[in-house]
Every structure is written in structure tokens, then in C-alpha cells.
Amino acid sequence: MNINEIKKEFPIFDKKINGKNLVYLDSANSSQKPKSVIKAVNDFYSHHFANVGRGIYSLAANASEMYENTRTELKKFINCPEDGEIVFTKNSTESLNLVASCFGEKFINEGDEIISTELEHHANYVPWHFLRKKKKKAVIKFIPIDDDGNLQIEKLNELITNKTKIISVTHMSNVTGTIVDLKKIKEIADEKNIPVCVDGTQGAAHLNIDVKDLDCDFYAFSGHKMYGPTGVGLLYAKYKWLEAFGPFIGGGGMIDFVSKDDVAYAKGVWKFEAGTMPTAEVVALKESVNFINSIGKENIFKHEDGLKDYAIDTLKKNNAVIFVGSPKNQGSVFSFNIKDIHSHDVSTIFDQEGVAVRGGHHCCQILHDRLNVNSSVRVSFGVYNNKEDIDVLNEAIKKCQKIFS
């Protein structure tokens with residue numbers, strides 16, 4: 001891998017931030033976009049645009065084919081089995097809301113239990129909270145984490161009762177980088193015939209995903225985390241759930257027929273893709289998959305993992321740096337604080353040096369509360385990062401300390 005050549009594929013790095021080269025360490029928030037993805041959006045609007053699944057004229061038929069080609073490529077990307085399907089949404093949040101809403105409507109009754117974890121992003125907690133407060137008076141239980149941010153899966157069995165209806169967990173924490181042993185969770189869930197939903201927002205971007213091997217019932221992820229456009233998310237769901245669920249929203253494109261007396265819905269994924277979809281973004285998402293495949297997923301993940309190790313080893317030499325968790329199995333995301341300096345102040349000073357990080361609770365207040373931290377500075381990597389970026393980060397930390405000393 002020639003990182004300098006790869007970085008040239010991302011126009012954003014031609015930009016100066018406060019007169020400095022951009023050091024982008026916020027890919028867990030949203031990754032930057034290569035030229036091929038940007039070109040695909042422009043090309044579709046310039047030469048191929050039509051609404052999909054509506055017209056039979058050439059432009060519409062061609063646009064529909066391009067749209068479905070992306071679905072086919074995504075199935076390959078996550079090794080989607082024949083009995084599973086990919087639903088297009090606008091992001092992981094909508095995908096997880098779809099699961100919570102549709103599953104809750106049909107399978108959750110008062111007093112039924114949902115098991116989550118203390119690692120979760122709000123997107124995999126708030127939709128289930130709706131079932132607790134707004135609709136079904138459900139109960140939410142949490143698999144705890146230890147002080148290092150490791151998920152204590154051994155405590156799952158004692159949380160499960162005959163009221164447990166679903167287990168919904170993250171694949172990889174967007175704060176600590178904790179990688180969850182999904183196969184172990186699935187093994188325990190299978191003993192009780194409990195479905196498993198996975199928030200794969202970070203997992204799809206930084207881990208090799210094989211939903212056939214994981215055998216989860218649902219896997220949600222977003223295009224914008226994996227070098228693709230904003231506005232397009234994905235939900236893998238076993239086909240039996242697509243058949244069992246009622247529609248999430250109603251409108252054009254998701255019906256079989258409509259009369260004054262009744263409505264019959266489309267089958268499979270199309271039941272859940274109402275209205276005009278983000279067609280250009282879906283088409284361009286195929287190019288992000290091609291971009292990842294051209295470099296090789298394993299190459300990217302090995303590169304990111306090496307950067308994470310180098311960064312942690314470098315920052316550990318500074319006694320003022322306090323890490324938020326230290327999980328045994330960690331992806332290319334970690335968070336820290338500098339003693340006596342608020343994360344927002346840190347990220348502001350970093351920006352003066354051209355370093356982009358996120359400061360705050362990262363939509364994970366339960367995790368921060370559990371670890372007794374009010375906020376943190378998060379560092380996350382993409383294929384375009386290198387060791388020099390970490391060296392700049394380290395110097396920015398020293399500048400913070402000097403300013404606040």
C-alpha cells in the first residue's frame with residue numbers, strides 16, 4: 001500500500017486548515033470521499049438521472065439497474081446469504097429504527113425485555129427506548145462493561161428470561177474501539193431462540209463483515225462511514241423478518257396494489273423502500289465498495305490497526321493523557337482526555353494545528369457515565385492516515401498542555 005498515492009485520491013486533502021495540512025482523525029464520525037465516489041454522484045446526475053422503479057423508458061430502466069447493481073455488490077461485500085436481503089435506508093440510525101419499530105410492533109408486548117449493552121451509540125438505544133416509554137412498556141436490560149471497556153458477555157445468561165424478545169448490540173464501540181464477540185452472543189441467544197440485531201456502523205467500516213458466518217438476524221450500517229456518500233444506509237435482514245414485518249413507512253414504490261378499501265404491500269426489500277430513494281448516493285456507494293475492494297479490506301484494516309497501536313504507544317508516554325478504556329480486542333478507534341483540559345478545548349486547539357478530532361460524548365452518554373467521564377477526545381483512522389498524522393497529533397497535545405499550564 002502506498003498511502004501517499006491513496007491519499008491523492010481524496011480531494012479534501014488539498015485543503016489547508018488554518019494554514020496547516022489537514023490531519024483528519026474523525027473517520028468514525030464520517031470518512032472522507034475518494035474521487036471515484038464524488039465522480040459517480042456527479043456522473044449519475046449529469047448523464048443517468050431518472051427515478052428508479054417507476055418508468056419503463058430507457059433512462060429510468062438504466063437508473064433502476066444501476067441502483068440494483070449496488071445492492072448486488074453490497075450483498076457480496078458482507079457475504080449476504082440467499083435467504084437474506086439488503087434494504088436501503090438513509091443511515092444506520094434509520095435502519096435500527098426500522099428494526100425496533102417493526103419488530104416492536106409485532107413481537108413486543110408490555111413487560112417484554114430487550115437486551116442491549118453499556119457500549120451502545122444512542123442510535124441503538126433510543127429506538128428501543130421508544131418501545132419502553134411510548135408504545136409497549138418494554139424493559140431494557142444492559143450487558144455491563146468492565147473498567148477497561150470490555151463487554152462482560154459472561155453475564156448475558158443471567159439477564160435472559162422467558163420475557164427476552166431480542167438482543168441488540170454494537171459490533172464495535174465508536175468510543176473505546178471495543179470489538180464485541182458477536183458469535184459468542186449469537187451462541188447464547190440461539191440456546192433460547194432469541195434474535196440478534198447488530199449495529200455495524202463501525203464494524204462495516206473497520207472489520208471484515210460476513211453476515212452468513214455471524215448468522216445475526218439484522219446488521220445495520222451506513223455508507224458515509226465507508227468512504228461512501230451521506231444519505232444512504234443499509235439494513236441486512238434475514239428474509240423471514242422482511243416477510244413477517246409490516247411496512248416501516250408508507251407511500252409510493254412499496255405497494256402491490258391500492259384500492260379504496262385496502263392496500264397490499266410489495267414483497268421483500270421493496271416493502272421498506274417507500275418514496276423516492278437517494279438514488280445517486282446508492283449508485284455512488286457501489287464505487288466506495290469498489291474503492292475498498294481495490295485496496296483490499298484486509299490491507300486497510302491491518303493498516304488502521306497498526307496506526308492505532310502506534311498512536312496509543314506514542315500517547316502513553318505522556319502522563320497527562322488519560323485513556324477512556326483499554327479493551328483487549330480493539331478496533332481502530334480510541335478516546336482519551338488530557339488532564340484538567342476539557343475535550344472541547346482540546347479539539348479547538350487541535351483544529352488550529354489542522355487536526356480534526358471529535359470532542360464530546362460521541363452519542364454514548366451511558367458509556368461515558370459508566371466510566372465516570374463527562375466527555376472525551378476521540379481519534380479514529382481511515383486508509384488515508386499515516387504515522388506522520390499521529391506525530392502531528394502528539395505535538396498538538398503538547399501545545400494544549402503548554403497553553404493550559
Side-chain angles (χ1 to χ4, degrees), residues 9-12 30-80 82 84-95 97-98 204-205 220-237 239 242-243 245 247-259 263-295:
E9 293 300 311
F10 293 82
I12 193 72
S30 194
S31 58
Q32 294 296 340
K33 318 306 172 191
K35 294 174 184 175
S36 57
V37 171
I38 298 168
K39 180 178 181 295
V41 174
N42 181 66
D43 185 63
F44 182 78
Y45 280 129
S46 299
H47 304 294
H48 305 287
F49 179 76
N51 212 333
V52 301
R54 306 296 199 274
I56 59 172
Y57 52 88
S58 297
L59 269 179
N62 182 58
S64 297
E65 183 178 5
M66 295 171 75
Y67 181 90
E68 291 302 326
N69 284 343
T70 298
R71 200 189 314 264
T72 299
E73 288 304 311
L74 264 296
K75 286 182 180 181
K76 295 176 187 175
F77 187 74
I78 64 170
N79 194 27
C80 182
E82 290 301 317
E85 292 286 359
I86 294 285
V87 178
F88 288 121
T89 61
K90 71 172 181 286
N91 47 38
S92 292
T93 298
E94 185 173 74
S95 296
N97 272 269
L98 189 160
F221 56 115
S222 290
H224 72 100
K225 307 281 189 183
M226 42 186 281
Y227 311 106
T230 56
V232 55
L234 305 106
L235 174 67
Y236 158 76
Y239 197 80
L242 299 181
E243 288 295 286
F245 287 174
F248 180 46
I249 56 174
M254 47 73 69
I255 52 92
D256 185 17
F257 76 87
V258 173
S259 71
V263 175
Y265 306 116
K267 299 290 185 181
V269 297
W270 297 279
K271 187 197 301 184
F272 303 97
E273 295 179 6
T276 297
M277 299 296 287
T279 314
E281 288 79 5
V282 169
V283 170
L285 182 59
K286 180 183 174 184
E287 293 305 317
S288 75
V289 172
N290 290 341
F291 171 78
I292 292 170
N293 288 338
S294 70
I295 300 171

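The basis for the numbers below is simple: all heavy atoms, side chains too, and nothing from hydrogens, waters or symmetry mates. Quick caveat, the model's predicted, so the values are computed rather than measured.
Of all non-hydrogen atoms in Met226 and Ser31, the two that sit nearest each other are N-OG, 3.6 Å. Between Gly250 and Ala274, the shortest heavy-atom distance links the atoms C-CB, 4.1 Å. Considering every non-hydrogen atom in both Ala50 and Ala63, the closest pair reads O-CB, 3.6 Å. Here the closest non-hydrogen pair linking Cys80 and Glu85 is SG-N, 3.9 Å. Residue Leu242 comes nearest to Val87 through the heavy atom pair CD2-CG2, 4.0 Å, listed as atom of the first residue, atom of the second, then distance. In plain terms, the two heavy atoms of Gly53 and Ser64 that are nearest each other are N-OG, 2.9 Å.
Side-chain atoms of Ile86 and Val269, non-hydrogen and from C-beta on, never get closer than 4.5 Å to each other. Contact annotation: the side chain of Glu94 approaches that of Phe248 to within less than 4.5 Å [non-hydrogen atoms, C-beta and beyond]. Looking at Leu235 and Phe272, their side chains never come closer than 4.5 Å, going by heavy atoms from C-beta outward. Between Lys35 and Pro11 the shortest side-chain heavy-atom distance falls below 4.5 Å.
Taken to the nearest 0.5 Å, the NZ atom of Lys75 stands 12.0 Å off from the CG atom of Leu234. Between atom CD of residue Glu73 and atom CG of residue Asn293 there is a gap of 7.5 Å, rounded to the nearest 0.5 Å. Going from atom CG of Leu74 over to atom CZ of Phe88 covers 5.5 Å, rounded to the nearest 0.5 Å. Rounding to the nearest 0.5 angstrom, the gap separating the CG atom in Asp43 from the CE atom in Met66 is 6.5 Å.
Within the structure, the side chain to side chain donor-acceptor pair (under 3.5 Å) test picks out the following pairs touching residues 272-281 (sequence neighbours left out): Asn51-Thr276, Tyr67-Glu273, Arg71-Glu273.
Side chain of Ser222 to backbone of Asn91: no donor-acceptor contact under 3.5 angstrom is found. Counting only distance, with no hydrogens or angles, the side chain of Thr70 and the backbone of Leu285 share no donor-acceptor pair below 3.5 Å. Proximity of a side-chain donor or acceptor of Lys90 to a complementary backbone N or O of Val232 within less than 3.5 Å is not detected. The backbone N or O of Phe245 sits less than 3.5 Å from a side-chain atom of Lys271, completing a donor-acceptor pair. Side chain of Thr230 to main chain of His224: no donor-acceptor pair is present (N/O by atom type, distance under 3.5 Å, no hydrogens or angles). The main-chain N or O of Ala284 is never found under 3.5 Å from a side-chain atom of Ser288 such that the two would form a donor-acceptor pair.
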Next item on the list: Test His48 against Asn62 for side chain to side chain donor-acceptor pair (under 3.5 Å), laying out the working first.
Entry: CA-CA 7 Å; His48 305 287; Asn62 182 58; 3.3 Å; yes
Notebook entry, point to check: Is there a side chain to side chain contact (heavy atoms under 4.5 Å, CB included) between Tyr265 and Asp256 once you walk through the steps?
Noted result: CA-CA 5 Å; Tyr265 306 116; Asp256 185 17; over 6 Å; no
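In this structure, Phe10 has its ring center closer than 6.0 angstrom to the ring center of Phe291.
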